2 protein chains.
Amino acid sequence: MQTDSILSNISKHISLDKAEIKYFLSLLRTRELKKRDFLLRAEEPCTAINYVNSGALRAFYHDQSGKEATIMFAVADWWVTDMPCFANQIPAMINIEAITKSSVLQLEKEDIERLYIKIPKFERHFRILMQNAYIREQLRTLQNLSMPAKARYKIFLKKYPKIAQQVPQKNIASYLGITPEFLSTIRRVK
Amino acid sequence: MQTDSILSNISKHISLDKAEIKYFLSLLRTRELKKRDFLLRAEEPCTAINYVNSGALRAFYHDQSGKEATIMFAVADWWVTDMPCFANQIPAMINIEAITKSSVLQLEKEDIERLYIKIPKFERHFRILMQNAYIREQLRTLQNLSMPAKARYKIFLKKYPKIAQQVPQKNIASYLGITPEFLSTIRRVK
DNA sequence: ACTTCCACTTAAGATAGTTTAAGAAATCGT
DNA sequence: ACGATTTCTTAAACTATCTTAAGTGGAAGT
């Protein structure tokens, strides 16, 4: 199991001794995904939170009319799940699909709850992760409300240049909340 | 100082003994706001996180062109701050204004950091708050991307009926990301 | 090598939301 | 209780973004 990356992710916020590291790692399970495999499908139970070791994934919502809204991309060193459904143990609303061959480490809901009890420091780690996720989402809301699509696209390119190269245009369009056709016209006129 | 409400807010997630309660309360400072007073102004340092005892507040962003985007409302039993700026100790981007006469309890950044060290259980409390805030924002993003204004308005009314009654229409419009005029036409046709 | 499929582009017509302006209704200060 | 301000509504003209449709090029499958 590839564990260097996740341990360095965690050591950004808390420090663990050998026994704690061993216990933590014992809770993880590797999941390998080929391009276009689903890590999670809507309607299924969402039981795990996932750390991305390598590759790129996309979390998206499929509305009644079949239109897709991309909630987030996740590349190496990101955590991803359907948080509303993971937290409340209800069926997933969103899908998570591998855009490229990917490798993730999964931590099950029951195990993370045990982890919080056994090693309370992890509350801090995930408090900081949740705080950062909240901050990111809030800034995104702010941009969605106050900026036209073109400005949002430029910010996206600046903020996530790697992702912009790894994923198809139509996914970026659905992240920005516009159609692929309209993204195309935005791109035409620099 | 009114403390019943905040203690019951905290006891939803963690339990404190007498000494811990005493210490926690010693860190709080009451702030009374008249209607239209600002709890925080853009550009100023954002040093505190605020718990709303009573009243109603609105957090909003003012873009270059002077257009307002309402980030969130906060009524009794909500926590509010400019989280990006609070977390990173940079000048505030948003304003927080009292919509009605309000009373809040403030917890300073340095104090909350001390609190995390002295009573680590609070990491859990704020982990859950941050997680809920993240979930709320993510659902909002999803709605902003995949629904027209009218559907978003209906959801807003359903989710926050109290707020809908307490705040002016134009604020709701700026929360939804539309003009007050357009909100008016949406409301006309039930 | 050929076919099929999918991503991306372009363009025309349709719709959701904005802007401007004006009047009506509610609220505020004195 | 009054006038002054602010909020809400209505309507017309305008703009951003969507829908549909058609065409191009590249990737994948056989």
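Just so you know, these numbers come straight off a predicted model, no measurement behind them. Here is the naming used below: chain letters follow the sequence lines, and residue numbers restart at 1 for every chain.
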Round to the nearest Å and state the distance from Leu176(B) atom CG to dA16(C) atom P.
16 Å
Whole-Å distance, Leu183(B) CG to dC8(D) P, equals 9 Å
Closer than 4.0 angstrom, basic N to acidic O: yes or no for Asp37(A) and Arg31(A)?
no
Atom-to-atom span, CZ of Phe182(B) to C1' of dA13(D) - whole angstrom:
16 Å
Please test Arg29(B) against Gln106(B) for side-chain contact (heavy atoms from CB on, under 4.5 Å), starting from the C-alpha separation and ending with a verdict.
CA-CA 5 Å; Arg29(B) 197 178 50 208; Gln106(B) 297 196 293; 3.2 Å; yes
Could you state the NZ-P distance from Lys34(B) to dT27(C), rounded to the nearest angstrom?
21 Å
Applying the 4.5 Å side-chain criterion to the ILVMFWY set and letting contacts propagate, would Met147(B) and Leu157(B) be lumped into a single cluster?
no
Verify the contact: side-chain N or O of Arg188(A) to OP1 or OP2 of dA11(C), cut-off strictly under 4.0 Å; return yes or no.
yes
Considering only side-chain heavy atoms of Ile178(A), which listed nucleotide, dC18(D), dG17(C), dA21(D), is closest?
dC18(D)
For dT18(C), does OP1 or OP2 lie under 4.0 Å from any side-chain N or O of Thr179(B)?
yes
Going by an N to O cut-off under 4.0 Å, is there a salt bridge joining Arg136(A) and Glu137(B)?
no
So that I can tick it off, tell me whether Glu97(B) and Lys35(B) are bridged by a salt bridge, with the cut-off set at under 4.0 angstrom between side-chain N and carboxylate O.
no
In whole Å, I'd like the distance from the CD atom of Glu68(A) to the C1' atom of dC18(D).
17 Å
Spacing between Ile186(B) atom CD1 and dT18(C) atom C1', to the nearest angstrom:
12 Å
Let's see if you can work this out: which of dA21(C), dC28(C), dA11(C) has an atom nearest to the side-chain heavy atoms of Glu181(A)?
dA11(C)
Take Pro148(B) and Arg36(B), find for each the nucleotide of DNA chain C with the closest heavy atom, and name the residue whose nucleotide sits nearer the 5' end.
Pro148(B)
Please report, rounded to the nearest Å, how far the C1' atom of dC6(C) is from the NZ atom of Lys170(A).
7 Å
Atom CE of Met147(B) and atom P of dG17(C) are separated, to the nearest Å, by 13 Å
Closest to the side chain of Pro168(A), out of dA7(C), dT7(D), dT20(D), is dA7(C)
Below 4.0 angstrom from OP1 or OP2 of dC28(C), is there any side-chain N or O of Lys35(B)?
yes
